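In the text below, chain A, chain B and the rest are named by the order of the sequence lines, each starting its count at 1. Treat the numbers as computed from the prediction; the structure is a model and nothing was measured.
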Amino acid sequence: MLKTEISSIKLKTPLILASGILGTAGTSLKRIVTMGGAGAIVTKSLGISPRSGHKSPTIVKEEKGGLISAIGLANPGYENFKDEIEIAKQGGAPVIGSVYGFSFREYIEVAQGLEDYGVAAVELNLSYPNVGKTGAFYGKHKELSFEVVKAVKESVGIPVIAKLTANVSDIVTVAKSCEDAGCDAITAITALEAMKINVDTGRPVLGNKVGGLSGPCIKPIAVRCVYEIAKEVDVPVIGCGGATTGEDAVEFMMAGASAVQIGTGILTRGITIFKKVSKEMEEILKRGGYKNVGEIIGIAH
Amino acid sequence: MLKTEISSIKLKTPLILASGILGTAGTSLKRIVTMGGAGAIVTKSLGISPRSGHKSPTIVKEEKGGLISAIGLANPGYENFKDEIEIAKQGGAPVIGSVYGFSFREYIEVAQGLEDYGVAAVELNLSYPNVGKTGAFYGKHKELSFEVVKAVKESVGIPVIAKLTANVSDIVTVAKSCEDAGCDAITAITALEAMKINVDTGRPVLGNKVGGLSGPCIKPIAVRCVYEIAKEVDVPVIGCGGATTGEDAVEFMMAGASAVQIGTGILTRGITIFKKVSKEMEEILKRGGYKNVGEIIGIAH
Amino acid sequence: MRVTRIKEIRKETERIKTYILEEKVDAIPGQFVMVWIPDVDEKPLSLSYHKGNMGITVLAQGPFTNKLAELRVGDKVGIRGPFGRGFKIVGDSLLLVGGGVGVPPLAALADEAIQNGKKVTAIVGAITKSELLFVDRLENIGVRVLTCTDDGTCGTKGFTTDVLRDILKKEKFDQCYTCGPEIMMLKVLYEAKKKGIPTQISMERYIKCGIGICGHCIVDGTGQRVCKEGPVFRDVDVEKISEFGKYHRDASGTKIYFRNRK
Amino acid sequence: MRVTRIKEIRKETERIKTYILEEKVDAIPGQFVMVWIPDVDEKPLSLSYHKGNMGITVLAQGPFTNKLAELRVGDKVGIRGPFGRGFKIVGDSLLLVGGGVGVPPLAALADEAIQNGKKVTAIVGAITKSELLFVDRLENIGVRVLTCTDDGTCGTKGFTTDVLRDILKKEKFDQCYTCGPEIMMLKVLYEAKKKGIPTQISMERYIKCGIGICGHCIVDGTGQRVCKEGPVFRDVDVEKISEFGKYHRDASGTKIYFRNRK
Ligand SMILES: Cc1cc2nc3c(=O)[nH]c(=O)nc-3n(C[C@H](O)[C@H](O)[C@H](O)COP(=O)(O)OP(=O)(O)OC[C@H]3O[C@@H](n4cnc5c(N)ncnc54)[C@H](O)[C@@H]3O)c2cc1C
Ligand SMILES: Cc1cc2nc3c(=O)[nH]c(=O)nc-3n(C[C@H](O)[C@H](O)[C@H](O)COP(=O)(O)OP(=O)(O)OC[C@H]3O[C@@H](n4cnc5c(N)ncnc54)[C@H](O)[C@@H]3O)c2cc1C
Ligand SMILES: Cc1cc2nc3c(=O)[nH]c(=O)nc-3n(C[C@H](O)[C@H](O)[C@H](O)COP(=O)(O)O)c2cc1C
Ligand SMILES: Cc1cc2nc3c(=O)[nH]c(=O)nc-3n(C[C@H](O)[C@H](O)[C@H](O)COP(=O)(O)O)c2cc1C
Ligand code: FES
Ligand code: FES
């Protein structure tokens, strides 16, 4: 009932682990498939060389179902991730490699490397809410997004997914540019630029001061982005942002998403959230008289 | 302890009623001062002529402390609001007139009209997350924001406040344009573009489909905007977005706000939220050894 | 927003139907719900059945209510609420005065009052006999019903207020409850006051949010919200509502004066 | 993030201090808190006092812990937690083996165990006498303490594992608990297993979020999170952690192999 496909990548359930959540080690990714029930997994965003990321605190919990995080793209570099991908693949679900870069060349190098290591697709992280000026801007400009996607698309044979930020005036224009540049799917959205100040000290809590807001509180914004993008582009859209329940996932798909990523939801519902949400989705589909999850994609339009 | 000033407008407490919340009638505005304890009040956004707004549902509650609303600038037109302002002023607190327009001329006409009716300042609503294409865009472009602010500033003698949206790539650039255009203060932020789909029917809930997300869940985004703007501009910044407790208000002020607007918070804490939050602020200030609320403005920088 | 299905539809008069919904409720008579027809609109409607399966009773009079009239058993509607303050049962002998689609919340009140062993008298008015609402329902549970019609096809020929004036000459009641056209309620208030009977009034104003945040339902004089501090107000509060019986506001907030103000 | 003040500072050794905080806690021995020094950093530290005013005991060894060493009574620190799974008291006769700043969580465990009427033996090791941690504290509550130093200035000359091997020849324990350098713990596990004594191990890995979401503390083999499924693991679980005693990951996630692996 939940079987689906994103640009020829077959998924047992449309629920995918979002990048950066428990995606630092292959064993973890594997566990999220075998024990957690994810239909596919996205690795932590990988760059050309190891990066320690920001000083801590890297994460602060907001009372209202939110998380502000500023990990700062900590990662061991894509080459150190070869073995991890090998292990992750043992889970039996497609492994999507998340790529970041501070230049087109870096994006290309990492994407090609990950293709060699056997990922099913690459997801381009085009905007990092919390990494200074460098690199944070690609996803904020339709021209730069176009160029990055095009450059990577021309360099690899596997599907290329563009992951967008909602911290723009008009996400649809950026999405269209990515489609024009040849991307095979679009993930919307990444965490939103946010901040927490501790009133007892008067100091910003995060080591990086600014971080990315994720979790249930951004869901209405993410759903709106998916709806707007799906209306205007033809490539599949992957919803991301706050999905925590079957109802959330169904909402994303009705807005036009072909699959849904889950990250912060793990905080409240544990690693098995993918199993739980799949079950809840099935119940909603049954109640609504649907036979296959594909039937609900975009019906809110 | 909480006395403060925004471009020569004196406030007993830095807490101001946000535009569009219970701001449709003078008696209500007055009640929010006398019974609620607001330091100032902003009217519903007013245009040149009556407008019924969007079809209902105009509001949907999100479980996580949020509200998505699409009232659609329903208002009786500024001329019908003359008496309401008269009544509102009886509350004894400054009345700020919120202005929207679908052209520069409309902004000017309404602002001048409200000045005649005796408002203490006008707040320019530069971006309405939920009103089609027309007009929604001023606040998304630094050039247009500049022109609107400049045009109004040249037409009235009272302070002009520019209210910004965070649905832009870079809110600081827009804020700077408004400052360059001569605005006397900046309010950040208005509700964020969002959406809710009902999974049992597969239909968007709001009559207008897309609405504005307000309430606690947008606070981390609003605080970040205030922090970034306050770092770069010299005019006072008024924080807005999700403030519900004394801690929230103090957080906004530490981020650089000179005053804080409250809207959706009324939902959970009632009209007397202004009194409650003022009291909580005083407690936090005392605990921190501060004598006056002015001391905390911007200390997180 | 919860979605429920229509369980049963009862035709009450030519243009008034009762919709029993699948969703269960435990509300106070006088409270209202926001009813959503997807892609159409959402409107406030009083509960005519406030315990168990919720019921609403609606006069088809415009785009939304006409659309509602087209729905069939099994169709989905969205529900928010119940919202607002309902009627409070005070004393032992209650007098209900309802006109048109003001009767539904009073019928729910009658259910509750009879359940609690109260003596209930209801004055029900309409233009003509076939438009009289809930006369059988009320009589069946033991309410004494006095009807009146403008054309005299049933009961007294005349208005509810005429019947009211008459009965108040002869009898005493502990509390009076009214819902209907505002001009009617204004007169009910006046008549009951003359006799020293406290009255509870259910007011209608343009409702958008229903949860006390948008301000569209605010009444002048007190600045209260009909959706939150109302829709039911006590007479002492209504006397402070300066616009009562004079004007209300439309969807834009523009004042609309009641036409037949006498 | 809650902010609290330092209530008391106790110098334990040349480079180790205990900080008693104003905030009260009711935690399980072995749990840790994330301690924030504004504008500096935030790091995981085990609770050395887990009931009442919380206490941490810290070795100054880098930017964060050196900064902590500069703080004074009354200074503010931020706290998140307690997080993770702590030690479970099993049986009646417990053996604790701690090296360096592995001793703090074991001291908290000893407090709890003695409170519950258990018999507790602790092997405490350090390089030299002045570096031995909590010997008096443990003895004062009734723990039998066996010390050892690399240089023989106090107790046995040698490692905790030497003392352990010795005592296990003569005595039987229901459960063994260890915290300290991973190579030491690897050996403790081995010795205890030989004698059939179940062991609980408190592991250290690079902690960022502390709440099981970022994945930085994940261990290979099981994919478990040290901050969530740990830091205390049972021997049977540790045996499935393929990296135990071999490598850990640094802040970037790059594998760092333990140097003195023998
Ligand atoms: C608290 C409350 C309880 C109500 N209970 C009932 C009831 O039990 N049965 C019933 O038939 N009607 C009831 N109404 C009235 C009902 O809301 C209107 O009949 C309905 O909104 C008409 O919508 P329409 O699109 O069909 O007609 P329209 O042509 O749009 O309007 C017809 C009339 O309804 C009024 N109206 C329209 N929209 C609203 C709104 N959002 N809020 C208030 N009034 C509105 C208009 O001012 C006009 O007088 C109640 C109203 C309120 C405020
Ligand atoms: C669960 C747990 C409990 C701990 N309990 C204590 C304790 O009770 N007392 C004590 O003195 N120390 C304890 N530590 C170790 C403590 O976290 C480090 O001493 C501290 O992080 C060093 O930071 P620094 O900036 O001073 O030194 P650095 O020079 O940055 O690092 C010194 C050492 O600490 C390690 N380290 C640095 N940052 C972290 C981190 N975020 N997470 C884990 N290890 C890190 C480094 O890998 C290195 O080995 C514990 C660690 C963990 C994981
Ligand atoms: C701790 C953490 C780390 C993240 N790291 C990355 C990352 O490396 N690359 C990326 O594209 N997105 C990253 N994100 C963003 C998520 O992939 C996701 O887009 C966002 O959290 C919204 O989804 P959620 O609400 O389901 O978590 C991270 C999010 C969190 C909370
Ligand atoms: C019901 C509602 C109506 C609003 N109407 C207006 C409006 O007319 N003009 C305006 O500038 N902002 C309007 N807003 C936005 C608020 O003024 C405010 O910027 C936003 O809600 C964030 O603050 P809050 O979280 O404290 O409500 C409205 C918000 C709500 C919830
Ligand atoms: S309808 Fe919005 S306040 Fe009453
Ligand atoms: S430190 Fe983030 S998962 Fe453990």
Side-chain angles (χ1 to χ4, degrees), chain B residues 20-32 34-36 44 46-47 49-61 67 69-77 80-81 83-84 87-88 91 196 198-207 209 214-215 263-267 270-271, chain C residues 1-5 22-23 34-45 62-64 67 75-81 83 205-229 240-243 247-256:
Chain B
I21 288 97
L22 300 180
T24 11
T27 33
S28 170
L29 293 168
K30 181 178 153 190
R31 185 170 180 238
I32 283 162
T34 53
M35 183 178 143
K44 171 91 211 141
L46 298 161
S49 50
R51 205 182 137 87
S52 301
H54 297 311
K55 284 224 172 127
S56 284
T58 48
I59 288 202
V60 51
K61 237 164 141 172
L67 210 59
S69 55
I71 302 284
L73 294 173
N75 83 102
N80 276 324
F81 220 73
D83 299 347
E84 311 291 350
I87 297 168
K196 172 78 189 173
N198 172 272
V199 298
D200 292 312
T201 56
R203 303 309 307 152
V205 174
L206 293 174
K209 291 180 180 145
S214 63
T264 307
I266 289 176
L267 198 61
I271 284 174
Chain C
M1 182 70 72
R2 289 112 49 204
V3 166
T4 184
R5 285 175 193 271
E22 279 179 0
E23 178 158 319
M34 297 299 292
V35 178
W36 174 48
I37 308 179
D39 296 318
V40 178
D41 213 326
E42 183 198 40
K43 295 289 180 186
L45 294 164
F64 175 84
K67 187 78 199 171
D75 281 350
K76 292 172 182 172
V77 292
I79 292 289
R80 293 193 294 132
F83 294 131
R205 282 298 177 271
Y206 206 97
I207 306 272
K208 289 194 170 179
C209 72
I211 52 175
I213 197 79
C214 74
H216 269 87
C217 65
I218 277 165
V219 284
D220 278 352
T222 62
Q224 284 170 310
R225 297 156 291 185
V226 168
C227 72
K228 190 92 184 169
E229 283 91 11
K240 290 182 216 139
I241 298 175
S242 56
E243 67 175 59
Y247 58 85
H248 62 112
R249 286 181 169 87
D250 68 8
S252 76
T254 307
K255 290 177 194 169
I256 309 287

Can you tell me how far apart [atom1] ([X]) and [atom2] ([Y]) are? Round to the nearest 0.5 Å.
X: B/Ile59; Y: C/Lys208; atom1: CD1; atom2: NZ; answer: 10.0 Å
X: B/Asp83; Y: C/Asp220; atom1: CG; atom2: CG; answer: 9.5 Å
X: B/Leu67; Y: C/Cys209; atom1: CG; atom2: SG; answer: 8.0 Å
X: C/Ser252; Y: B/Leu73; atom1: OG; atom2: CG; answer: 12.5 Å
X: B/Glu84; Y: C/Ile218; atom1: CD; atom2: CD1; answer: 9.5 Å

Which atoms of C/Asp39 approach chain B - backbone, side chain, both or neither, heavy atom under 4.5 Å: side chain
For the interface with chain C, which of [options] has the highest count of heavy-atom pairs at distances below 4.5 Å?
options: B/Ser52, B/Pro50, B/Ala74; result: B/Ser52
options: B/Asn80, B/Ile266, B/Asn198, B/Thr264; result: B/Asn198
options: B/Ala25, B/Gly23, B/Gly263, B/Gly77; result: B/Ala25

Non-hydrogen atoms of chain C under 4.5 Å away: do they reach the side chain of [X], the backbone, both or neither?
X: B/Leu206; value: neither
X: B/Arg203; value: both
X: B/Ile87; value: neither

Does some side-chain heavy atom of [Y] sit less than 4.5 Å from a side-chain heavy atom of [X]?
X: B/Pro57; Y: C/Met1; result: yes
X: B/Leu22; Y: C/Arg225; result: yes
X: B/Val205; Y: C/Glu42; result: no

Has the side chain of B/Thr24 got a donor or acceptor atom that lies under 3.5 Å from a matching backbone atom of C/Gly215? yes
Quick one: does C/Lys76's side chain have a donor or acceptor within less than 3.5 Å of a partner on B/Asp200's backbone? yes
Using a cut-off of under 4.5 Å on heavy-atom pairs, state which of [options] scores highest against chain B.
options: C/Asp250, C/Ile213, C/Thr254; result: C/Ile213
options: C/Lys255, C/Lys43, C/Lys228, C/Arg249; result: C/Arg249
options: C/Ser242, C/Gly221, C/Gly210; result: C/Gly221

Minimum heavy-atom distance [X]-[Y], with the two atoms named:
X: C/Asp41; Y: B/Ser56; result: OD1-N, 3.0 Å
X: B/Lys61; Y: C/Ile211; result: CD-CD1, 4.3 Å
X: C/Pro38; Y: B/Thr201; result: CG-CG2, 3.9 Å

Check ring pair (Phe, Tyr, Trp, His ring centres under 6.0 Å) between C/Tyr247 and all other residues, then give those that pass, not counting sequence neighbours. C/Tyr257
C/Thr222: which residues meet the side chain to side chain donor-acceptor pair (under 3.5 Å) condition with it, sequence neighbours left out? C/Gln224
